[in-house]
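These notes concern the structure reproduced below.
Here is how names work: the chains are called A, B, and so on, in the same order as the sequence lines, proteins then strands, and each is numbered from 1.
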Amino acid sequence: MHFDLTDDQEALRDGIRAVCQGRFPSERVREGFDRETFDALGETGVFSLIADGFSWADASIAFEELGRAVVPGPLVWGVLAHGLVDGVPTGLDRPAPGAPAMVEHLAAAGAVLVLDADAVRVVPADAVAGVALDWPLDPLTPVTRVTDLPTGEVLAGADVTRWRRAGAVLTAAFQVGMAHACVEQATAYALDRRQFDRPVGSFQAIKHLLADALVRAEVARTAVHAAAVTLDDPEVGDLDRAISGAKLLAGEAALKNAKASVQVHGGMGFTWEVDAHLYLKRAWVTNTAFGAPDACADRVAATLPGGA
Amino acid sequence: MHFDLTDDQEALRDGIRAVCQGRFPSERVREGFDRETFDALGETGVFSLIADGFSWADASIAFEELGRAVVPGPLVWGVLAHGLVDGVPTGLDRPAPGAPAMVEHLAAAGAVLVLDADAVRVVPADAVAGVALDWPLDPLTPVTRVTDLPTGEVLAGADVTRWRRAGAVLTAAFQVGMAHACVEQATAYALDRRQFDRPVGSFQAIKHLLADALVRAEVARTAVHAAAVTLDDPEVGDLDRAISGAKLLAGEAALKNAKASVQVHGGMGFTWEVDAHLYLKRAWVTNTAFGAPDACADRVAATLPGGA
Amino acid sequence: MDLRASPSDEAFRAGLRAWLDATLATLPPEPARDDWPARVAYDTDWQKRLFDAGYAGMSWPREYGGRDAPPSEQLIFLEECSNAKAPYVGVNFVGTLHAGPTLIAEGTDAQKAAHVPKILRGDEVWCQCFSEPDAGSDLAGLTTRAERDGDHYVVTGRKIWCSFGQIGEFGELLARTDPTAPKHKGISWFILPMDLPGIEVRPIETILGSSEFCEVFLDEVRVPADCLVGAENDGWRVTNVTLSFERGTAFVSEMVDAMRMAVELAPHVHDPADRRELGHVVAEFDALWALTKRNVSRAARTGDTGLGGMLMKLAYSEARDRLGELSMRVLDRGVFDVHEPFVEERLRTLSLTIAAGTSQIQRNIVGERVLGLPRERAWPAPGTEG
Amino acid sequence: MDLRASPSDEAFRAGLRAWLDATLATLPPEPARDDWPARVAYDTDWQKRLFDAGYAGMSWPREYGGRDAPPSEQLIFLEECSNAKAPYVGVNFVGTLHAGPTLIAEGTDAQKAAHVPKILRGDEVWCQCFSEPDAGSDLAGLTTRAERDGDHYVVTGRKIWCSFGQIGEFGELLARTDPTAPKHKGISWFILPMDLPGIEVRPIETILGSSEFCEVFLDEVRVPADCLVGAENDGWRVTNVTLSFERGTAFVSEMVDAMRMAVELAPHVHDPADRRELGHVVAEFDALWALTKRNVSRAARTGDTGLGGMLMKLAYSEARDRLGELSMRVLDRGVFDVHEPFVEERLRTLSLTIAAGTSQIQRNIVGERVLGLPRERAWPAPGTEG
């Protein structure tokens with residue numbers, strides 16, 4: 001057992017972080033996602049990690065860095081559908097009859113992957129009819145309300161259960177990265193910002209808010225690593241419980257830490273100019289994907305003896 | 001509308017508070033409840049307030065003071081059953097078949113009032129068979145696990161719904177008093193206790209813990225007053241919602257503030273010597289009576305349109 | 001202690017309801033949020049209607065055209081207006097709730113005559129120039145300078161979070177007139193004509209994607225000396241007199257609005273845990289509504305809301321935050337459109353724990369002023385640290 | 001990054017399990033909590049058995065009779081013992097986990113020879129005399145004096161929260177040897193023979209109604225100078241060396257125990273909201289168990305658990321508090337007997353957020369040492385306040 005990043009994993013983390021800092025600074029991120037972004041990300045190899053023989057643990061480390069930079073795009077689908085469809089992939093869980101179906105980044109997409117009860121199906125993006133929201137919650141995540149979602153064709157060789165699990169792990173990893181970025185950005189602000197002739201970070205109210213945020217992020221990170229390692233090697237644990245727990249804690253960390261960041265930034269946190277709101281909005285959006293926090297908590301409880 | 005204490009009510013509050021300070025200081029409270037306590041309390045008139053023409057709002061003001069002093073005994077039953085039974089009254093909600101039935105202060109009691117679906121019934125205390133717990137959670141509230149609870153006789157003229165409502169209001173009022181006492185005691189300690197060459201109450205971590213506790217207590221107090229006033233005059237609001245909300249907030253305030261008091265008292269809060277634990281234990285015990293917090297929250301939600 | 005409305009309160013309520021019923025039906029459609037000229041027209045028209053009907057300046061003294069209504073009627077007025085979805089105070093906010101009352105209390109006869117009637121009739125829109133980039137929670141640390149030069153003050157500095165800065169004809173200005181005095185003692189309160197040379201206004205885009213606030217840049221703005229309100233260097237006290245006009249009604253519209261949101265959310269809440277959370281939040285709003293009545297009752301008797309007034313903002317902000325989070329969980333991705341009322345409200349209400357004193361500052365206030373816990377000490381000045 | 005146990009770890013686990021199976025069956029019944037002589041006999045008997053089987057001093061160097069096991073084996077040892085409900089370290093706590101490691105690191109050869117082997121075999125019971133009534137969170141503010149007098153130190157003061165003070169033969173003592181030095185620089189670490197004249201021990205009754213801690217009154221106790229461990233005035237550093245012996249395993253028994261409580265609670269939880277809360281708490285414990293493995297892995301490689309070690313106490317205490325509150329809600333009045341395990345545990349775990357550094361102090365540590373936020377400044381000394 002060596003449940004810590006290997007030297008190779010640290011190098012991978014540092015490499016992706018450097019790429020994000022160089023190519024996805026805040027100004028670039030605010031331009032949103034398009035085909036060019038997809039290709040630029042593709043060149044870094046983040047979508048092909050699994051195909052290239054890396055582990056899910058490695059992929060989750062990479063996604064943590066993407067989350068730290070709050071990179072926009074249907075990134076998880078980029079990994080899941082890598083090499084299997086043409087153009088930019090996006091996707092969704094097939095909604096229950098009557099429930100609203102929402103697809104992100106439809107305009108930029110070539111294919112929509114639909115997770116059905118027993119299969120992954122592909123629908124060409126231009127076959128999906130819908131209405132784009134004028135003002136999606138996250139300005140960097142355009143959302144289309146689908147009015148017609150064709151059945152599509154089964155994607156051979158794609159294990160829908162495994163896609164759901166991997167999607168949850170990568171989404172949770174992205175959220176952990178966001179949660180940590182929020183702590184870092186708010187801490188930097190709290191060190192810089194002075195009120196009452198002292199840095200606001202010297203006040204316990206702010207210090208403890210940030211300490212709790214860091215604890216949440218780090219505990220969630222560990223949960224995500226455990227889930228990713230279990231996805232790589234299911235014999236070391238209860239895979240569904242590990243994934244549900246990780247998604248729960250990561251989603252909560254992303255949301256609460258983004259709110260903490262808004263609060264620490266004070267009035268500036270309520271502006272479009274500061275990045276805090278981008279993290280908050282993405283936290284809400286990602287919490288709806290691959291398992292909402294409440295559903296995840298229910299699933300963890302159901303794994304206990306007598307818990308079904 | 002004058003939703004504030006009248007001069008008479010302020011006098012009542014001050015009078016009961018003075019009685020408690022004089023006759024129920026901590027040392028006396030720690031001796032527990034017995035017939036003598038009952039008689040002493042009876043002399044103050046707290047049990048006969050309603051019979052004497054006072055309002056439920058008045059009674060709740062008195063019970064807030066009893067709670068502040070964490071006076072032991074089946075006090076709520078003392079009001080409900082005033083003049084209707086011999087000896088000290090205690091009581092319980094008739095448990096569902098198979099559920100454990102617990103009665104407080106059975107040894108000191110003359111009669112046990114049982115709240116049934118449609119009536120209040122009386123059972124002579126010596127007709128109730130059971131086993132006293134060796135170590136009841138609250139050392140000042142002896143509890144008997146009942147093994148045989150006779151049906152008893154219907155108490156004529158007692159409206160069981162009204163008893164349940166009044167019991168909830170008085171219990172909530174008692175809890176509000178406990179919640180405020182915890183803030184006061186912890187604040188006094190935080191002013192006196194010095195660490196790092198300053199009063200610990202000057203640290204924001206402690207100051208904000210106490211500020212939140214005070215807010216909880218005061219908001220709950222207002223809710224209890226509104227519930228009591230509505231019990232006196234049901235036309236001014238939704239009585240069930242007012243009572244459920246008051247019991248919920250009062251119970252939460254008592255419990256959280258007692259925990260805050262333990263925390264502020266530090267190591268001393270973990271000792272038998274400091275009173276903080278008496279409030280914490282009574283908070284748990286009272287939360288099980290006349291509506292647990294979760295059930296109260298459910299009932300409030302059920303009052304909303306489309307909420308049943 | 002009772003909750004029964006008096007006959008006169010009931011009569012007031014009935015009259016108001018009838019007027020609202022008749023009047024609201026005749027209003028033009030609400031303007032778009034970013035159409036400022038239309039908003040000014042709409043909101044000032046509403047203020048004129050209130051004035052003509054005798055409902056303007058509910059708490060203002062009669063000699064200034066107000067109604068001098070008892071706090072219970074103020075409460076009913078705000079409650080009924082919110083329930084009827086009447087227009088909010090809108091662009092008249094600063095004038096009717098801050099600047100007007102301040103001038104009434106502290107202004108000269110000339111200042112009152114020039115502004116008070118116009119504010120009340122909706123003929124004059126005001127904005128607020130208090131906060132600064134480096135003086136937010138620590139407002140008294142403001143550094144905008146006002147230097148006396150003959151019969152003018154020359155004002156230079158930068159203000160932020162100026163509500164209605166885009167359209168205000170006059171601003172409430174706090175500036176430092178004595179930089180050598182202790183920080184609360186060297187501040188003065190001015191009427192700032194917003195059309196003076198040297199004033200530049202820049203809207204701030206909020207997380208809602210709209211611009212409710214502005215930055216105001218002041219570059220050697222020559223403010224006539226007769227714009228000083230109250231004594232020079234007495235501005236800190238002057239700015240605090242306004243609060244007593246609220247008499248416990250500050251959060252009434254918010255409360256009514258919050259309760260309406262909770263009721264509208266209820267049919268969407270199917271999960272048992274979410275329903276319980278909703279019940280909990282509703283219990284808190286019920287209690288805070290009762291607390292409002294307590295505050296109003298106390299203000300009517302003593303002129304001061306006491307403890308209840310000091311904790312209302314903190315308690316309401318935190319309860320509203322819980323409702324906002326609950327609504328986002330309940331709505332899930334199907335409705336994540338900013339124009340969805342719940343989403344818009346969730347974003348807007350994020351400012352409640354920040355603006356006009358963060359929840360952290362509120363806890364300090366409760367801890368220090370109510371519980372008597374010791375204040376934070378100032379840090380040693382830079383360079384003198386041990 | 002992996003979670004697979006190595007073959008040698010698996011072998012260690014198998015051997016330990018077999019030994020526990022065989023040994024636990026032969027143990028006498030557990031003594032009552034307040035029967036101190038019986039507890040000493042029971043716990044030291046268990047320590048002897050561990051020693052004889054080679055499981056005593058898992059982290060201790062081999063030259064002192066320890067096993068010098070890698071952190072992964074320490075983790076397995078604690079996990080398996082907890083799972084098998086083997087006796088806790090009990091009265092051997094201070095000796096094996098604090099005093100022994102401190103003496104190994106800082107003691108003289110004579111001090112080591114006199115105590116280390118006895119501690120390891122369960123022949124010597126220790127207690128801790130660190131905190132004082134006015135030095136809790138601010139431990140370095142302690143005022144117990146130790147004045148040199150020939151070949152003795154004369155010690156006077158009052159200690160509190162002394163675990164096992166009733167039965168300890170020796171105490172770990174911190175006392176001030178230089179009252180003129182800065183507070184961290186004038187403290188020394190002593191071996192305190194508890195049978196010296198002038199020592200009085202008084203048990204403290206806790207909210208559980210039992211006495212796990214004592215007050216220790218020291219009245220001119222003459223402690224031989226050769227009881228000084230490390231250099232005079234270097235005691236603050238000496239007392240901190242102990243921590244590195246844990247190597248990430250400090251909360252393992254607690255974690256296993258908490259998870260067992262959660263599993264035992266599950267069948268009682270029928271309410272949907274309570275079940276969700278249980279799922280949440282279990283997810284946290286799962287994550288903290290993974291964090292334990294992270295800490296142990298890191299300690300094995302670098303000797304230090306890093307960030308994970310610094311936040312474990314805070315995170316675990318808060319999660320355990322949630323479990324405790326949940327259990328009380330679930331159990332309701334039917335089971336409010338202090339001897340009910342859930343109730344006893346709820347009361348016991350109230351100390352987790354207080355003892356050995358309150359959660360507030362832990363947040364300061366995380367905020368200052370990890371995030372680099374500025375420390376609180378000292379207040380001005382009394383009399384010099386501005």
Note: vs chain C, highest number of non-hydrogen pairs under 4.5 angstrom among Val219(B), Ile206(B), Thr6(B) is Val219(B)

Honestly, the part of Leu371(C) sitting under 4.5 Å from a heavy atom of chain B is both

If one checks every heavy atom of Glu277(C) against chain B at 4.5 Å, the contacting part turns out to be neither

Honestly, the part of Leu265(C) sitting under 4.5 Å from a heavy atom of chain B is neither

So, the part of Asp233(B) with a heavy atom under 4.5 Å from chain C: the answer is side chain

Quick test of your reading of the model: are Arg165(B) and Asp240(B) salt-bridged, counting only N-O distances below 4.0 Å?
yes

Okay, Gln9(B) and chain C: the region with an atom under 4.5 Å from a heavy atom over there is side chain

So, the part of Leu210(B) with a heavy atom under 4.5 Å from chain C: the answer is both

Of Gln362(C), Met312(C), Arg301(C), the largest count of non-hydrogen pairs under 4.5 angstrom with chain B goes to Arg301(C)

Cut-off 4.5 Å, heavy atoms of chain C, and the answer for Asp212(B) is side chain

Would you mind checking if Asp321(C) and Arg346(C) are paired as a salt bridge, meaning a charged N to carboxylate O distance below 4.0 Å?
-> yes

Lys/Arg N to Asp/Glu carboxylate O, Arg13(B) vs Glu65(B), below 4.0 Å
no

Ring geometry between Tyr55(C) and Phe12(C) (parallel below 30°, tilted from 30 to 60°, perpendicular above 60°):
perpendicular

If one checks every heavy atom of Ile365(C) against chain B at 4.5 Å, the contacting part turns out to be neither

Counting heavy-atom pairs under 4.5 Å with chain B, the top scorer among Ser297(C), Gly367(C), Gly308(C) is Ser297(C)

Turns out that what part of Val183(B) lies under 4.5 Å from chain C's heavy atoms comes down to side chain

Chain B shares the most heavy-atom pairs under 4.5 Å, among Leu307(C), Leu288(C), Val281(C), with Leu307(C)

Exercise for review: Would you confirm whether Arg67(C), through its side chain, and Gly54(C), through its main-chain N or O, come within 3.5 Å as a donor-acceptor pair?
Suggested key: yes

message: Side chains of Glu252(B) and His280(C) only: does a donor on one sit below 3.5 Å from an acceptor on the other?
response: yes

| So, do Thr230(B) and Trp56(B) sit near enough that their side-chain heavy atoms are less than 4.5 Å apart? | no

Scored by heavy-atom pairs under 4.5 Å with chain C, the best of Ala242(B), Ala220(B), Ala57(B), Ala297(B) is Ala297(B)

From the list Gln185(B), Gln175(B), Lys259(B), side-chain hydrogen bond (donor to acceptor under 3.5 Å, both in side chains) partner of Tyr279(B) resolves to Gln185(B)

Q. When you measure from the side chain of Ser244(B) to the backbone N and O of Arg241(B), does any donor-acceptor pair fall under 3.5 Å?
A. no

So, the part of Leu248(B) with a heavy atom under 4.5 Å from chain C: the answer is side chain

Honestly, the part of Glu284(C) sitting under 4.5 Å from a heavy atom of chain B is both

Pair count under 4.5 Å, heavy atoms only, with chain B: among Pro272(C), Ala287(C), Ala5(C), highest is Ala287(C)

When the aromatic ring centroids of His82(B) and Phe47(B) are compared, is their separation below 6.0 Å?
no

Applying a strict 4.5 Å limit to non-hydrogen atoms, the region of Glu184(B) in contact with chain C is neither

Q) Is the shortest heavy-atom distance from the side chain of Thr292(C) to the side chain of Thr249(C) under 4.5 Å? A) no

- Query: Is there a donor in the side chain of Asp238(B) and an acceptor in the side chain of Thr303(B), or the other way round, less than 3.5 Å apart?
  - Reply: no

For Glu254(C), is there an ion pair with Lys313(C) - N to carboxylate O distance below 4.0 angstrom? no

Whatever's closer than 4.5 Å to a heavy atom in chain B on Asn295(C) counts as neither

Cut-off 4.5 Å, heavy atoms of chain C, and the answer for Leu209(B) is neither

Turns out that what part of Asp286(C) lies under 4.5 Å from chain B's heavy atoms comes down to side chain

